[in-house]
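Below is one structure, written out as C-alpha cells; comments come after it.
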Amino acid sequence: MSMNAALAERFGQIAEMLELLGMDKFKVIAHQKAARIIEALPNDLGPIAKAGDKKALMELDGIGPKIADKIVEFAVTGKISEHEELRAQVPAGLAQLMKIPGLGPKTARLLWQDRGVTDIAGLKKIIDEGSILTVPRMGAKTVENMKASLAFIEKGQERLPLGLAMPAAELFAARMLKVKGVKKAAFAGSLRRGKDTIGDIDILVSTTDPAAAAEAFRKMPEVEQVLVSGESKSSVRARVSTSSRMVKEEGDDETKGAAATGGGALVQVDLKMVPDASWGAAMMYFTGSKEHNVSLRERALKQKMTLNEYGLFPNDKEPTSPQSRGIKPVASATEEEVYAKLGLPYIPPEIREDRGEFDLKETPRLIELDDIKAELHAHTVASDGSMSILELAQGAKTRAFHTIAITDHSKSQFQANGLKADRLAEHCKAIRAAQKEIKGITLLTGSEVDILADGSLDYPDEVLDQLDVVVASPHAALFQKPEPATARLIKAIESGKVNILGHPTGRLINRRAGLSPDMEKVIAAAKANDVALEINAHWMRLDLRDTHVYAAVKAGCLIAIDCDVHTADDFDNLRYGVLTGRRGWLTPEQCINCWPAKRLHAWLKKESRG
DNA sequence: GCCGTTTTCGGCCCGACTGTTTTCAGTCG
C-alpha cells in the first residue's frame, strides 16, 4: 500500500472512531476530508512528510497544522498515536456495523455501549434473541429493515463499474420519460459526473404527476425491494445486468435480461421528482458532488441567498424553506442560470468535485466524444483480437476516424498469442497491403509492446524502429512495490522508442489494484520525453484514472484516449475514456487522438524515436 | 480540526423520509 493510501485509511478510521465516541462532528468531517484529499493526490506524500515539511503539507486544502503533524508522525514512525489510542477504545467490528445501510454512528454507539454489541455477529445475536426490541427507538419495522440490509451487504456490495451502470441508467431514464406527466428524465449523481464506479444510480424526473412517476418506478421489473417511497423521492434496490452488451441489445424490452434471469448485480436506484421549473436546481443538487454542493451553498449564503434543490432564493432567514412559502426563486430552471446568478461560469458535471472549479472565469472547453479522430491501440486476430485488419479499419472508418493503429501484443504475451519479431514483420506487411484496399483512413503499423518487470521492452530497438506506433504497457509483475514500478515505467518512457504508455498502472476495477507508481515522477518523465500517457477507455480499466489525468493535464503532459479494441463493441467504450478525460480537465488540444491527421502523424514520427 | 471578499474566533448546507414518536431523532444523499 502506498503511503497516501495508508494515510487516507487511517484518517478515515480516525473519523469513524471519533464519530462512534460521539466527539465533535466537525472534527469528524475534517478527518474525512483529509482522507479524501490525500486519497486523490497524484504524488506520494512520503518524501515531503519524511522531511518534516509541514508547511508544504498545509498548503493542501483541508490539511491544517494538526493533521500535518499526524502525517509527519506517520511518515517517521509508521504510526499515528491518536489512531492507536482510539483503536484501544473502540472495538474494530463497529466499523462494519456502520456499513449497514440505515445504521449510523448514533445507533452503533447505542448498541455498543448499551448492549455490548461490538460486531455484526453480536448484532445478529440480539436480533435473533429479540432483545434488540428493548433498545430505545428500535421497533419491529426498524429491525425488519435491518435484516434486509444485513442480507444486502452480505452479498458483498461492490461499487458498480461505470460501463455497467450507465446503460442501466439510460434504460431507466428512457422508461420514465414515457410515464404520464413526465416532462424530463435523466440520470444524475456520480454517474453523470463520470466516476469510474458508482454506489447507486440517481434518476431525476420533472413531472406534473409525481404519484404516477413513483408508481411506475417502483413497478419496474428489475425492482426487488422498495426502500423509501415519498412524495418527491423513492429508492429501490434493483437488479441490473452485469453484461454490458445485453442492456444495449435489450433496448426497452422489459421481459428479458437480468430481471428475468436473476443474475446481475443488485444496486440502489434513487428517483427524485421535481416540478419542471426546478429542473436546473434539482439537476445540480442531484448531480453533486456533495463537496461541490456544500461549496455552492456556502457561496450562496455569502451572497445573501440560499440554494436548495428547488432553486436559488433570496435568503430571508426564515426557519421554513422559501419554496414552501411561495417565494419566487432568483434562478431554478437551468443549471446555467443558477451558476450565472452565483457569479460562476457553467461548470461541467465531470469537474464538480470542489477541486479548483470555483476559480474558473469561464467554462473550460473540455474534450468531447466527437473530438476523437483516431484510435491508436487495437488488436486483431493476429494476437487476441476478434477482427481482421480490414474489419478493424472499417470499424474505425465508420466512426469517422482518420487513423487507426494496429497494435497487437508482443512476444511475452504468449497467452494472448503475442507476435515474435518475424510474425510482426509479416503482420506489418499485411497492414500495408490492407491499406491499399481501403481508402479514407490511414492504417498505421504498431505494437502494444510489453514493459517487462525491469522496464526493458519486449522487442529489440531495431524491431521497434520499424513501427509507426509503439504503445508500451505493463501486463505482468503488477504486484511490484511502488519504487520499482516507478523505475520500470520511467525506463520505458526514457527508452526513446515509445509513443504512448498504455494503461500505466494495469489496474482492473474491483479486481486488481495494479501498480502504484509515483505518478508525479512518471508524468514528469513522460512530459520530458514527449510520450503520451494513455487513458485506456475500457470501463474495467479506465487507466489512467481521473486523478492521474488531472495531474498529467496540469503538468502539460500529452494524453491518448484509446479503446484497446479487441472486438467490434469495444469502440463503444470510448465515451467512458472521454468522461475520465473530462474529469481530469482534459482539452482536445492536449489529447493526441483529437489532432488532425497531419499533426498526429508528424508527432508519431518524431526524431527521438528511431 | 479547518478556515477567512464580514472573521485568527466562531462559524462550519439543506431537505426528504422513516419509524418511533406525542414533536422529533437518526440517516441519507
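Of the listed nucleotides (dT18(B), dC13(B), dG15(B)), dG15(B) has the atom at the smallest distance from the side chain of Glu309(A). The side chain of Asn308(A) lies closest to dC14(B) when the candidates are dT18(B), dG29(B), dC14(B). For Arg137(A), the side-chain atoms get nearest to dT20(B) when compared with the rest of dC12(B), dT20(B), dC17(B). In this structure, the nucleotide among dG29(B), dG1(B), dT18(B) sitting nearest to the side chain of Ala30(A) is dG1(B). Of the candidates dT20(B), dC2(B), dA16(B), dC2(B) carries the atom nearest the Lys66(A) side chain, counting heavy atoms from C-beta on. Here the side chain of Ser232(A) is nearest to one of dT20(B), dG15(B), dA16(B), namely dA16(B). For Leu301(A), taking side-chain heavy atoms from C-beta onward, the closest of the listed nucleotides dC13(B), dG29(B), dC2(B) is dC13(B). Comparing dG1(B), dT27(B), dG29(B) by their nearest atom to the side chain of Thr107(A) picks out dT27(B). Side-chain proximity of Asp202(A) to the nucleotides dC13(B), dG29(B), dC17(B) is greatest for dG29(B). In this structure, of dC14(B), dG19(B), dG1(B), it is dC14(B) that holds the atom nearest to the side chain of Thr306(A).
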Original post:
Would Glu309(A) and Lys272(A) count as a salt bridge (charged side-chain N to carboxylate O under 4.0 Å, His left out) if you check the C-alpha gap in whole Å, the side-chain angles of each, and the deciding distance to 0.1 Å?
Top reply: CA-CA 10 Å; Glu309(A) 59 262 52; Lys272(A) 173 84 182 166; 3.4 Å; yes
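Distances shorter than 4.0 Å separate some side-chain N or O of Thr142(A) from OP1 or OP2 on dT20(B). Between Lys106(A) and dG26(B), a side-chain N or O to OP1/OP2 separation shorter than 4.0 Å is present. Between Asn293(A) and dC14(B) there is no side-chain N or O to OP1 or OP2 distance below 4.0 Å. For the OP1/OP2 pair of dG4(B) and a distance below 4.0 Å, the side-chain nitrogens and oxygens of Lys302(A) include no atom meeting the criterion. At least one side-chain nitrogen or oxygen of Tyr310(A) sits closer than 4.0 Å to the OP1 or OP2 atom of dA16(B).
Heavy-atom nearest nucleotides on DNA chain B were determined for Lys304(A) and for Gly62(A), and the one closer to the 5' end corresponds to Gly62(A).
Side-chain atoms of Glu357(A) come within 3.5 Å of backbone atoms of Asp354(A) as a donor-acceptor pair (strictly under, hydrogens ignored).
Phe152(A) carries Arg237(A) over the face of its six-membered ring, with the cationic atom under 6.0 Å from the centre and within 45° of the normal.
The six-membered or imidazole ring of Phe74(A) lies away from that of His83(A), with a centre-to-centre distance of 6.0 Å or more.
A salt bridge does not link Arg355(A) with Glu291(A): every distance from a Lys NZ or Arg NE/NH1/NH2 to an Asp or Glu carboxylate oxygen is 4.0 Å or more.
Nucleotide dG29(B) holds its P atom 16 Å from the CD1 atom of Ile29(A), rounded to whole Å.
Using a 4.0 Å heavy-atom criterion, one finds that Pro105(A) contacts the sugar-phosphate atoms exclusively.
Both geometric conditions, a ring-centre gap below 5.5 Å and a plane tilt below 30°, are fulfilled for Phe26(A) over the base of dC12(B).
In this structure, dG26(B) and dC17(B) make a Watson-Crick or G-U wobble pair, each of the two defining distances being under 3.5 angstrom.
A glycosidic torsion no more than 90° from 0 defines the syn conformation, and dT7(B) adopts it.
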